[in-house]
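Reviewing the structure listed below.
In the text below, chain A, chain B and the rest are named by the order of the sequence lines, each starting its count at 1.
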Amino acid sequence: MLEKTFDPASVEPRLYDQWEASGAFRPERALERDPAAKPFSIVIPPPNVTGSLHIGHALNNTLQDVLARFHRMRGEAVLWLPGTDHAGIATQMVVERQLAAAGNAGRREMGREAFVEKVWAWKAESGGTITRQLRRLGASCDWSRERFTLDEGLSAAVRKVFVSLYKQGLLYRDKRLVIWDPQFQTAISDLEVEQREVDGQYWRFAYPLEDGSGEIVVATTRPETMLGDTAVAVHPDDERYQHLIGKKVRLPIADRLIPIVADAYADPEKGSGAVKITPAHDFNDFQVGKRHGLPLINILTPEAKLNDEVPAEFAGMDRFVARKAIIQHMDDLGLLRGIDPTRHVVPHGDRSGVVVEPYLTDQWYVDAKTLAQPAIAAVERGDMVFEPKNWERTYFEWMRNIEPWCVSRQLWWGHRIPAWYGPDGEVFIEETEEAARAAARAHFGRDVELRQDEDVLDTWFSSALWPFSTLGWPQKTADLERFYPTSTLVTSFDIIFFWVARMMMMGLHFMDDVPFKRVFINALVRDEKGQKMSKSKGNVIDPLELVDEYGCDALRFTLTAMSGQARDIKLAKGRVEGYRNFGTKLWNAARFCQMNECVSVAGFDPAGVEQVINKWIRGEVAKTTEAVTRALTDCAFDEAAGALYRFVWNVFCDWYVELAKPILSGEDEVAKAETRAMAAWTLDQALKLLHPVSPFLTEELWDKTAEFGPPRGSLLIEAPWPEPRAGWVDPEAEAEIDWVIALVSEVRSIRAEMNVPPSARTPLVLVGADARTRARLERNRDRISTLARLQSLEEAASPPAGSAQFALGEATGALTIAGFIDLAAERARLSKAVAGFESDIAHVRRKLDNVAFMAKAPEAVVAENREKLAEAETAKAKLEAALARLEAMAQ
RNA sequence: GGGCGGCUAGCUCAGCUGGUCAGAGCGCCUGGUUUACACCCAGGAGGUCGGGGGUUCGAUCCCCUCGCCGCCCACCA
């Protein structure tokens, strides 16, 4: 006998091990059964190897697992490929922090080799956490194929891609402005910048003209950059400054002569119309400098201190200290012309949180513009589709305005760039040092000393290859052949640019096909107030605590049911509790079946059932199966969850089980046997349909409910997905049970409103029933009497005195509640019901009396309204009659 | 400045291609030892679907506009 509740804690680890040991997570299982099995593949968005599971991972991986399990049950060869990302900057940051916290030497003092060793040690220590946690979520990944972005195979793929792109002219080294993070002392890409709005000031500075004839005023939010100014620009058409173009100003403090140039970049509307040009420290100014052949003066060190290019009194100063000093100095010189408060955005490093600087350095760039073209075309053609579709707008917008991708990072944790330099700076880009050596030998005609590039690649460079590098590329593997392109990628919108777009570019370039046919963008999980979860806010919900408290299935069901939200999921604990209760409900339905000896019957065919409730539930199973199948096929996870919830609770438990009780405790052995088999069958269907969302509970019940029946052919994880057959929905049975439900509901409602004690049984008569209703009444007498707690159920020519009446189709129901009836209450009840029908009638009448409606509305709608009117009118007439009888009685 | 979401019952949200769409869960109220389940059962209260305008025979659902809330991109004269 089943316990009263499901105990997830004791079941989950055992079942997970059982699944994994069975080989069910591997696609080979399906291929053994059917070598032609359709492949279905998903690559996991690789979490940070040293990370731990947060609620976003829980959502993302739950949805992937739902898909994997669904397709697996449909007999497809499912590969869900797991793995982790080395997450260069993030991981390096963590280890650096640890070193600092422990009072150890920093990475620079420690040296590259020792530091990288530390990171590997940290990876070894914490690296398994996230994958262990994925297992606790029930993730049915194929762990035998687990990959890591820094493992040997993936590193080889990275080198191959780098070298190929270089040799194809799609990757190059260039000296230009990059976004520099002074905290990590590395270049970062534009995507790693976070714009923060801050209160600031414009300082207006006067630059004196060389000839002493006056001054020109410029404004800046970064006064310290004036030391790097090499021009002042004015608009060529700006009349105010025509006479100054070509003249020079003496740049204060730096004491340099710099030209006044005419450039359309200067906006006469802004500020004074004259703008200082600092080509080495501003992206726009860089362009202006290029156009006018201006020198670039870099005034910053990698730590963002002023360097030796500036007057000695400022050299070595931190940029923000220097800012104040410059302002003071300009003021002292009498050249500060004003300060205007402003609110403006300042770029910060998304990881470091410090203000980043445009900085002139040598970096490696990928020609993203060229690679983006096929990636744009593929989505335009529909080779890859976003779900929901509107994300393609975001994708297109970015892809069409894409900038060169800076892929080098001045970090140590990552893929070292496969570039070697000869003594004269000649560069050799090869996949291995040996190959580079050979190339150098060919070039120099002798062996020379080579120095490998110090930098590593952006983490996203290796992530971009993930859908094919993990399948064995550049080797031509069977997996690559079978599983590329992958079927669906499940990820969140915040990495569409970082990751999805770049996978598209690399996949199309190297595999000549999209990396995935569909991208499902899942929502972001927030706390119940809608705030982004963060450690600093202290509102982080640990998914594993929810698993501990409510069970994995409850969390999974919650996330699945709420996944329809456009952008955010506001997670409230109460929802998880509610869905835990749902699991318990199903558990108890199974318990009921067990107590009533409802066991699966070998060879049972639901098509042959005779009992009306069995025909009815068979149709409900068919409809639910169709709804769930369609929803999961379309990634409409919330709809699947909703359909399952309603079926299990509101259909199977609330009505089928209750309607079956009289049969199960009755004398009709044939009906009883059929109902037992049908109940067991229905439960089996429910377990199957629910398995992708709630794998543990359903697998456990699949096992437990087989105790007295024929053995299960397999674990539920590998059981075949239900397929409804034509004819399972029986409209007659459906209408009949709907009628029974309506009747029972009416009686219950009246009893509650009239305060009839629950234990009291009351007689019910039907007046004016037609032949069909009489037949329904006969067939369902037992169940109606039980559910409506009737003393008797008969037909009569007229309603008895002291009865509460209600309309039911063509008939009138009269519930004799003589002992309990409260005339005033009954009058109120009837009046309220009459009023309800009256408002319906008025509403429908308005339509039917409207000439335009009658002329233009489709026939079906008109007919529907006529029917509705007729029904409401008969119902109202019955209740009015009842009301009249009541008044007569009261006289 | 450009773009994208959201605004429906006290709370969290469903309402797909305009005509039973005004719904669910939680919460609340009333009643309940009905042989699966109190993590339950039965019944009930509660919303002029953000405001205004328009299209239509008919709009929560389409269009315009305004108002909040949130996000993304661009912008540091």
Side-chain angles (χ1 to χ4, degrees), chain A residues 2 4-6 190 195 198 200 202-204 217-222 225 233 266-267 269-276 282-284 340 342 344-347 355 358 390-391 393-394 397-398 401 493-494 496-497 524 526 528 530-532 550 554 561-562 564-572 574-575 577-596 634 636 638-639 642 645-646 650 653-654 657-658 661 665 745 748-753 755-759 786-787 789 840 844 846-847 850-858 860-862 864-865 868:
Chain A
L2 292 169
K4 278 196 173 185
T5 55
F6 173 55
D190 46 1
Q195 303 289 352
V198 297
Y202 287 128
W203 285 274
R204 293 203 308 274
V217 175
V218 295
T220 180
T221 56
R222 296 186 298 158
T225 62
D267 182 351
E269 305 289 312
K270 282 189 187 167
S272 65
V275 56
K276 63 192 269 309
D282 183 283
F283 289 96
N284 290 311
D340 304 319
T342 177
H344 62 140
V345 293
V346 178
V355 176
N390 33 338
W391 288 108
R393 263 188 96 112
T394 306
E397 180 60 22
W398 189 71
N401 298 297
F493 61 81
D494 51 343
I496 289 178
F497 303 148
L524 225 54
R526 295 167 186 278
E528 50 197 306
Q531 304 211 310
K532 203 165 176 173
Y550 299 108
M562 300 188 78
Q565 249 101 108
R567 292 253 170 146
D568 307 332
I569 292 181
K570 298 188 191 103
L571 189 66
R575 290 297 287 261
E577 188 179 337
Y579 290 121
R580 186 273 318 269
N581 296 351
F582 169 71
T584 308
K585 187 73 182 173
L586 176 68
W587 183 267
N588 277 286
R591 190 162 180 266
F592 171 85
C593 287
Q594 196 183 50
M595 293 169 84
N596 284 278
D634 297 344
D638 55 329
E639 284 179 28
Y645 189 97
R646 282 189 298 276
N650 304 119
C653 292
D654 285 353
V657 165
E658 297 302 325
K661 279 177 181 174
S665 62
S745 300
R748 282 175 173 172
S749 179
I750 290 171
R751 289 176 55 106
E753 279 183 57
N755 294 314
V756 177
S759 55
T786 305
L787 298 192
R789 305 194 64 72
D840 282 358
V844 179
R846 252 200 311 280
K847 283 189 185 177
N850 182 335
V851 184
F853 174 80
M854 296 304 283
K856 295 188 180 177
V861 174
V862 175
E864 206 174 280
N865 277 279
K868 194 172 163 186

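Across every non-hydrogen atom of G273(A) and A266(A), the tightest pair is O-CB, 3.8 Å.
Using a 4.0 Å heavy-atom cutoff across all strands shown, A266(A) reaches at least one base atom of the nucleic acid. Here V275(A) lies in heavy-atom contact (under 4.0 Å) with a base. Residue contacts for K276(A): at a heavy-atom cut-off of 4.0 Å it reaches no nucleic acid atom on any strand shown. V657(A) comes within contact range of at least one nucleobase, with a heavy-atom separation under 4.0 Å. Within the nucleic acid shown, D267(A) comes within 4.0 Å of at least one base atom, counting heavy atoms only. Residue K585(A) is in base contact, counting any heavy-atom pair closer than 4.0 Å across all strands shown. Using a 4.0 Å heavy-atom criterion, one finds that N390(A) contacts the sugar-phosphate atoms exclusively.
The shortest distance between side-chain heavy atoms of V275(A) and K270(A) does not fall below 4.5 Å.
For the pair N650(A) CG and rG23(B) P, the computed distance is 15 Å after rounding to whole Å. Between E658(A) atom CD and rC37(B) atom P the separation is 11 Å, expressed in whole Å. Distance, F582(A) CZ to rA36(B) P: 20 Å, rounded to whole Å. Remark: P of rC73(B) and CD1 of I496(A) are 11 Å apart, rounded to the nearest angstrom. When the C1' atom of rC13(B) is taken as reference, atom OH of Y645(A) falls 13 Å away, rounded to whole Å. Following rounding to the nearest Å, F853(A) (CZ) and rG18(B) (P) show an atom-to-atom distance of 16 Å. Atom CD in Q195(A) sits roughly 9 Å away from atom C1' in rC73(B) (whole-Å rounding).
Taking only side-chain atoms of T584(A), from C-beta outward, the nucleotide of rA77(B), rG19(B), rC39(B) with the closest atom is rC39(B). The listed nucleotides are rC57(B), rA36(B), rA77(B); the one nearest the side chain of F592(A) is rA36(B). With distances taken from any side-chain atom of K270(A) to the nucleotides rG44(B), rA77(B), rU12(B), the minimum falls on rA77(B). Taking every side-chain heavy atom of K847(A) into account, rG19(B) is the closest of rC40(B), rC75(B), rG19(B). The side chain of V345(A) approaches rC75(B) more closely than any other nucleotide in the set rC75(B), rA36(B), rC76(B). Nearest to the side chain of F497(A), among rC73(B), rC40(B), rA77(B), sits rC73(B). Closest to the side chain of D654(A), from the set rC41(B), rC40(B), rA77(B), is rC41(B). Of the candidates rU12(B), rG31(B), rG19(B), rU12(B) carries the atom nearest the R575(A) side chain, counting heavy atoms from C-beta on. Across rG43(B), rG19(B), rA36(B), the shortest atom-to-atom separation from the side chain of S745(A) is found for rG43(B). Taking only side-chain atoms of R591(A), from C-beta outward, the nucleotide of rC71(B), rA36(B), rA42(B) with the closest atom is rA36(B).
The pairing partner recorded for rC13(B) is rG23(B), the criterion being a Watson-Crick or G-U wobble arrangement whose two distances lie under 3.5 angstrom. Across every strand in view, rG58(B) sits unpaired, with no contact that passes the Watson-Crick or G-U test at under 3.5 angstrom. Partner assigned to rA45(B) is none, using Watson-Crick or G-U wobble distances below 3.5 angstrom. As the counterpart of rC4(B), rG70(B) is assigned, both hydrogen-bonding distances of the Watson-Crick or G-U wobble pattern falling under 3.5 Å.
In the interface, the side chain of R580(A) is paired with the base of rC39(B) through a donor and an acceptor atom under 3.5 Å apart. A donor and an acceptor atom never sit less than 3.5 Å apart when one is taken from the side chain of E269(A) and the other from the base of rA77(B).
Nucleotides rA9(B) and rG47(B) place their C1' atoms 5 Å apart, quoted to the nearest Å. Taking the P atom of each, rC16(B) and rG6(B) are spaced 12 Å apart, rounded to whole Å. rG15(B) and rU8(B) have their C1' atoms separated by 9 Å, given to the nearest Å.
Checking the phosphate oxygens (OP1, OP2) of rG43(B), no side-chain nitrogen or oxygen of N755(A) falls inside 4.0 Å. Contact annotation: K868(A) does not reach the phosphate of rG19(B) (side-chain N/O to OP1 or OP2, under 4.0 Å). Between K4(A) and rC37(B), a side-chain N or O to OP1/OP2 separation shorter than 4.0 Å is present. Residue S759(A) places no side-chain N or O under 4.0 Å from the OP1 or OP2 atom of rG32(B). Taking only side-chain nitrogens and oxygens, N588(A) never comes nearer than 4.0 Å to OP1 or OP2 of rC39(B). At least one side-chain nitrogen or oxygen of R393(A) sits closer than 4.0 Å to the OP1 or OP2 atom of rC4(B). Between rG19(B) and K856(A), no contact under 4.0 Å exists linking OP1 or OP2 to a side-chain N or O. Distances shown here put a side-chain N or O of T221(A) below 4.0 Å from the OP1 or OP2 atom of rA77(B).
A centroid separation of 6.0 Å or more is found between the aromatic rings of Y550(A) and Y579(A).
Going from atom NZ of K276(A) over to atom CZ of R222(A) covers 7.0 Å, rounded to the nearest 0.5 Å.
With hydrogens and angles ignored, the 3.5 Å screen pairs a side-chain donor or acceptor of R789(A) with a backbone N or O of P758(A). Using a distance-only test at 3.5 Å, with no hydrogens or angles considered, a donor-acceptor pair links the side chain of R591(A) to the main chain of L2(A). No side-chain donor-acceptor contact under 3.5 Å links N588(A) to the backbone of T5(A).
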